[in-house]
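Each chain gets a letter, A, B and so on, in the order the sequences are listed, and its residues count up from 1.
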Amino acid sequence: MASHTQLGLIIFEFSRKSQTKLSTQKLHSFVTKSKLARDPFFATQLVRFYALNDDLVSARKLFDVFPERSVFLWNSVIRAFAKAHQFSTAFSLFSQMLSSATRPDNFTYACLARGCSESFDTEGLRCIHGIAIVSGLGFDQICGSAIVKAYSKAGLTFEASKLFLSIPDPDVALWNAMISGYGCSGFWDKGVNLFNLMQHRGHVPNCYTMVALTTCLIDPSSLLIARSVHGFCLKINLDTHAYVGCALVNLYSRCRCIASACSVYNTISGPDLVACSSLITGYSRCGNHKEALYLFNEMRMSGKKPDCVLVAIVLGSCAELSDSVYGKEVHGYVIRLGLEFDIKVCSALIDMYSKCGVLDYAMNLFAGIPEKNIVSFNSVILGLGLHGFASSAFEKFTEMLEMGLKPDEVTFAALLSTCCHSGLLNEGQEIFERMKSEFGVEPQTEHYVYVVKLMGMAGKLEEAFEFVMSLRKPIDSGILGALLSYCEVHENTQLAEVVAENILENGEERRSVYKVMLSNVYARYGRWDDVERLRDGITESSEGKLPGISWF
DNA sequence: TTAGGGTTAG
């Protein structure tokens, strides 16, 4: 017969490695009969095991009757509830702990900080940090890394870096937390600098570091650094690590470099749902929708079950392809999986059906949503607008406001798109103004593009040009490109040249596209020398090819 | 005498 300790360790190892949910019933009856649960170490492991198997009732039952509650047992039960997002129970347990004989330790605060972060409780987080300081744990590495991470996730990067800098000789986990913190706050350069600094201070980056570093790099402008990060991972043999591999797939897909994303994916042994989802998302993001659907199908065949977000992305690909046949198939699959009532899935279905021209399906789905939210309203407004039902789209907008929902940037993009589809210049300009003044939503590139399109469609090119030039520099090439396309439509060569010049000054990586647009304008007027000059420029340039750089 | 923090996507 195994000793309590041995059995506890076996369960601990088992719960760490177990990939499948197991019945806790048999274990529970065995444990009760053998009175093993009286062993403090064993009890702690059992609580963790129950939690891993989503059996919080048994975890709580065991905890409640256990006489000697060690700090490990307290932490395990608090962690179990916090991880299950039952934050009020986790915090009430902490409150009970404070009045017990057991003092919270660094792990307790680390766990609570994470709980605050996941429940978006910034005040609670500050409070936990304060209590940790009072308890003499203000410079603790474990507590510190959790609080740094939580502050960063709450957008309080200053607080996070202040805490990080105050801790003498931070360990690798703390460096990782701060690199990731900078990454999730958009300070990619600070994250990369910290990565270099940690090595300078003699710390060896691990898999967590590399994952954290990839989160700093978010768009195609980071491709050169992304390649270096990949090279570094290859050098330290971490490129095939499950999480690092996934992070690299995501990184390359954010950089719109789907070929590299694909080649990293192919090196991952036994890609899991996250790896698969990452590549499907990458395909979808890069406009390779057919590949996205193909991989989704393969994933389904292999028995992996997608989650709501992946289903929504795949439906987005169906919408882009106007493939209502496959979209309906996915709809059926969604029903079989029991995901049809998820608001994200439902909104994606509305979007898919309306983009595939089946508006009545979309409207029926919308009508059936019991608790409509901003996402579902945005989808239906966009759908109505696409089909030219501008007044119905605006009615939905009013309905949404009456329900007390706050419109976001997507709502206004949908309304402006509606105006474009119906050629409603005045209404478009009016909603654009209200967006800023009444609702405090800051316009983004796509909103400006819609306004330019509205003016362009109405032939008001000079007005559109003035509008564009009044924007903060540098002006996004997408906005200038929209104006250029209407210069082409209205055959305004003079303005087209000025606009094109502005675009080319931006050093825009898609400059070939704009050069072709300008050359089309020249061609219309028979300016063949200019056409040839531009076309030569396109073939001579080395766009798309990137020189390699290396950190080693 | 063991355990607990810090990972990945949309």
Between OH of A:Tyr265 and C1' of B:dA9 the distance, given in whole Å, is 13 Å
Using whole Å, report how far CZ of A:Arg285 lies from P of B:dA9.
10 Å
Of the listed nucleotides B:dA9, B:dG4, B:dT7, the one nearest the side chain of A:Ser278
B:dA9
Assess the pair A:Phe63 and A:Trp74: is the distance between their ring centroids shorter than 6.0 Å?
yes
Check this for me, if you would: do A:Glu159 and A:Arg126 make a salt bridge, where the nitrogen-to-carboxylate-oxygen distance has to be below 4.0 angstrom?
yes
Between A:Arg48 and B:dA3, is there a side-chain N or O to OP1/OP2 distance below 4.0 Å?
no
Among B:dT8, B:dG6, B:dG4, find the nucleotide with the atom closest to the side chain of A:Val274.
B:dT8
I need the OH-C1' distance between A:Tyr283 and B:dA9, as an integer number of Å.
16 Å
Are A:Phe195 and A:Trp175 an aromatic pair by the rule of ring centers under 6.0 Å?
no
Could you check how far CG of A:Asp171 sits from C1' of B:dG4, rounded to whole Å?
14 Å
Base of B:dT1 and ring of A:Phe41 stacked, centres under 5.5 Å, planes under 30°:
no
note: A:Asp272, atom CG; B:dT7, atom C1'; distance rounded to Å ~ 12 Å
Rounded to whole Å, the CD1-P distance (A:Ile179 to B:dT8) equals 14 Å
Distance in Å, A:Leu295 CG paired with A:Ser284 OG, rounded so as to fall on 0.5 Å steps
11.5 Å
Can you check whether any acceptor in the base of B:dG4 is under 3.5 Å from a donor in the side chain of A:Asn106, or vice versa?
no
Quick one: label A:Asn75 by what it contacts on the DNA or RNA (base, sugar-phosphate, nothing), any heavy atom closer than 4.0 Å.
base
Assign A:Val244 to base, sugar-phosphate, or nothing according to its heavy-atom contacts below 4.0 angstrom with the strands shown.
nothing
What is the separation between atom CE on A:Met97 and atom P on B:dG4, rounded to the nearest whole Å?
16 Å
Tell me, please, whether A:Phe377 has A:Lys372 positioned over its six-membered ring: NZ or CZ under 6.0 Å from the ring centre and within 45 degrees of its axis?
no
Which parts of residues 295-309 of chain A get close to DNA chain B, meaning a heavy atom less than 4.0 angstrom away?
A:Asp307, A:Val309
Under 4.0 Å, heavy atoms only, any strand: does A:Val249 hit a base, just the sugar-phosphate, or nothing?
nothing
Under the ring-ring contact (aromatic ring centres under 6.0 Å, His included) rule, what pairs show up with a residue in residues 242-261 of chain A, not counting sequence neighbours?
A:His230-A:Tyr252
Say whether A:Ser117 and A:Lys149, considering side chains only, have a donor N or O and an acceptor N or O under 3.5 Å apart.
no
How many angstroms lie between atom CD1 of A:Ile78 and atom CD of A:Gln86, to the nearest 0.5 angstrom?
14.0 Å
How long is the span from the CG atom in A:Leu174 to the CG atom in A:Asp169, to the nearest 0.5 Å?
10.0 Å
Taking any heavy-atom pair under 4.0 Å as a contact, classify A:Thr281: base, sugar-phosphate, or nothing.
sugar-phosphate
Nearest-angstrom distance from the residue atom OH of A:Tyr208 to C1' of B:dT7:
6 Å
Choose from B:dG4, B:dG10, B:dT8 the nucleotide whose nearest atom is closest to any side-chain atom of A:Cys246.
B:dT8
When you compare the ring of A:Phe72 with the six-membered ring of B:dG4's base, are the centres less than 5.5 Å apart and the planes under 30° from each other?
no
Side-chain contact check for A:Phe107: nearest option of B:dG4, B:dG6, B:dA9 is B:dG4
Do A:Tyr109 and A:His129 have ring centres separated by under 6.0 Å?
no
Contact check, residues 136-158 of chain A vs DNA chain B, heavy-atom distance under 4.0 Å, returns A:Gln141, A:Ile142, A:Ser145, A:Lys149
